[in-house]
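Step one of this worksheet: look at the structure below.
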2 protein chains.
Amino acid sequence: MPNISMKMLAKELQLSLSTVSKVFTDSHEISEQTKQKVLALAKQLNYVPNPYASSLRKRKSKTIAVVLPDVADSFFSVAINGIESVARDKGYHVLIYLTHELLDRERAILSEFQSGRVDGVLISISNETTTDCHITDMMQRGVPVVFFDRVCEETPTTRITTNDRESGQLAAQHLIDAGCRNIAFLSISESLPISRNRLAGCRQALSAQRLPFGADNVVMCTDDEAENVQIIARLLQRPDRPDAIIASVEKLTAAVYLACKQEKVSIPDQLKVISFSNQNTAAILNPSLTTITQPAFNMGKMAAETLFTSLRKSHLPLKAETLVVPSTLIVRESTGK
Amino acid sequence: MPNISMKMLAKELQLSLSTVSKVFTDSHEISEQTKQKVLALAKQLNYVPNPYASSLRKRKSKTIAVVLPDVADSFFSVAINGIESVARDKGYHVLIYLTHELLDRERAILSEFQSGRVDGVLISISNETTTDCHITDMMQRGVPVVFFDRVCEETPTTRITTNDRESGQLAAQHLIDAGCRNIAFLSISESLPISRNRLAGCRQALSAQRLPFGADNVVMCTDDEAENVQIIARLLQRPDRPDAIIASVEKLTAAVYLACKQEKVSIPDQLKVISFSNQNTAAILNPSLTTITQPAFNMGKMAAETLFTSLRKSHLPLKAETLVVPSTLIVRESTGK
DNA sequence: TTTATTTACGAAACCGGTTGCGGGAAATAG
DNA sequence: CTATTTCCCGCAACCGGTTTCGTAAATAAA
């Protein structure tokens, strides 16, 4: 009895259920006079239609899923802002799911979407994800997918990325210009395109200058910050200690600074540091951090807009293309002097 | 045709629809043999039941809403982690909505929940929210609500908070112990209990020491960082410049550091700073930042657990009580020397 | 006046599961 | 050899909107 239904509106107004329903779709079959009566009562009773009844019949949920490795990350949380702003605008609802970088969770989450729960999915894959069959399976079931940031390059759908390769190149070039000759690249995955492309760009910049860049220059990090501090500390203890570090993702920043403090390595005198990061504390770090800042809000927004456009005209499937929103190099003290 | 339904399973196995349905509820009315047959085919075809059909009939959605002012905030993003972990565990789905500190949006969002879209709501109110009628309305429609962090103290439901008052006191006492006598408190709202309680604790600590703390010592900030920098800069230009600042929320931290840099005020020599913050960059700021760190994950987790417990036994409404998870003072350099 | 058309609304099927109830067959009891 | 119970399963109503189709009344066209 708590919630009011169309049936109750209909009975109250001596109208049929279907007439009331048609009022809410603003059908031309209903006279203006009747519409006003129904809408007036609906407003008075604060009527809100049951979304699931509608979803069931219309076979669309007006809901999308956002699947992320983690939300405690400036990039992802700002991207959510972008997504939510578009969704609200278009009248969509947003379900959020976290994989915590686990492929199994990612699979389990996506498998639930084969039943109409969502009209589409925005996903940034986990760093364990090297195959895409769980994603293509879902697409074949009719659930459109748009990747953002952490994409699967071979999956035939739209991908929103930033210019990872150019950014890696830009970062390395910036360090070279600052006089660095032995640059270490901190990675979190060998398979993720963002990692690989940023690394590739970095490598390209170095080889263009005929600077050496071997396997030793690439350091694989983990998901555990304390562990990363140790990994970086060992890097700093090497006889051929690097004179610069590129942190390929935001969450490695703290580990770099902490390892430097621990090993008494001074930034930027002994080591220059640049990080891919959206942290708004970059400017107030000690020293302030030079960053490659990704357009998180716009990437989220664009991913959502792309998906909604495809949903509106569902005969038009998502093109297998990569849309690139460029990042920005923000030079601060950590690469200065 | 893409999605398979129970009807298709039933036809394939020469069983009735209801029999198949009962298999999935593990009904005692169905023989073990039949169950195995149905489950085997379901697994083979990768059958996933339509959640909205079920929601419609059972009048429960297995979905909750999380309503937040913003997600680009360490506290909220970590709290989401806590919420999501519990939700996943209990088989619930999480819809996310952002108010951007706008009461109107908060109202619009909640008004949609009167129709069975969600079984319950977790909310942290906007700083414009001073009345709770949009919330009590929803509760009266049968949608349970649990507040977390930014609560409405007078609304008769469960609230999860941290010990804001004691934390404010602790922060002030810590500054007093460090020799400060003229403490400024940066607030973001006159009405939010978190702001008021933190301020009250601060005031209490000062009056206990017979130290003055008037209206001038409380500085109201805005939602715009550049503006906040100016506000704080003006504060630092006062003839009776404070010797300490308490930033009552995380997002004020950067403004404080930037204003100090701009005004060439040295932390902690000329000004000690303590901030309510969950930022993991606190330790690598210059100087590292003393924080009151809130148990974000556990608060989110507890809010979700409380809601789910109430949902499981729906005859037991949520008690109008406040559950307190204590914060931690982490002393670093910004209050040192 | 008759026929064609438009307008405004209702009846009923439908979306895909859920659930109360009824009944036939086999098993146990009397 | 009946009477009762138990075990399995199907029928059908139901959740709350959506949509197709039919139709009576009003209006236009012939």
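Just so we're on the same page: letters track the sequence lines, and every chain starts at 1.
- One atom, NZ of A/Lys11, and another, P of C/dG10, lie 15 Å apart when rounded to the nearest Å.
- Rounded to an integer number of Å, the gap from CG of B/Leu9 to C1' of C/dG17 is 12 Å.
- Residue A/Thr25 places none of its side-chain N or O atoms closer than 4.0 Å to OP1 or OP2 of D/dT18.
- Inspection of the B/Gln114 and A/Asn3 side chains reveals no N or O donor paired with an N or O acceptor under 3.5 Å.
- Under a 3.5 Å cut-off, the side chain of A/Ser21 and the backbone N or O of A/Leu17 do not form any donor-acceptor pair.
- Applying the ring-ring contact (aromatic ring centres under 6.0 Å, His included) criterion to B/Phe297, with sequence neighbours excluded, gives no partner residue.
- In this entry the distance linking CZ of B/Arg117 with C1' of D/dG17 reads 14 Å, nearest Å.
- A sub-4.0 Å separation between OP1 or OP2 of C/dC9 and a side-chain N or O of A/Thr34 is present.
- Distance, A/Glu29 CD to C/dT5 P: 19 Å, rounded to whole Å.
- In summary, B/Arg150 and B/Glu101 engage in a salt bridge, as defined by a charged side-chain N under 4.0 Å from a carboxylate O.
- For A/Ser31 and C/dC9, the shortest distance from a side-chain N or O to OP1 or OP2 is below 4.0 Å.
- In this structure, B/Lys60 places its NZ atom 22 Å from P of D/dC14, rounding to the nearest Å.
- The number of heavy atoms from other shown groups lying within 6.0 Å of NZ (B/Lys35) is above 12.
- With B/Thr162 contributing its side chain and B/Val325 its backbone, the two residues share a donor-acceptor pair below 3.5 Å.
- Atom pair A/Gln33:CD and C/dT7:P shows a separation of 16 Å (rounding to whole Å applied).
- No donor-acceptor pair under 3.5 Å is formed between the side chain of A/Ser126 and the backbone N or O of A/Thr99.
- Residue A/Ile30 contributes atom CD1, which lies 12 Å from atom C1' of D/dT19 at whole-angstrom precision.
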Fill in the blank from the handout: B/S/- along nucleotides 11-16 of chain C (protein heavy atoms under 4.0 Å) is BBBBBB
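- Here A/Ser21 reaches the OP1 or OP2 of D/dT18: one of its side-chain N or O atoms lies under 4.0 Å away.
- If you measure from atom CD of A/Gln14 to atom P of C/dG10, you get 10 Å, rounded to the nearest angstrom.
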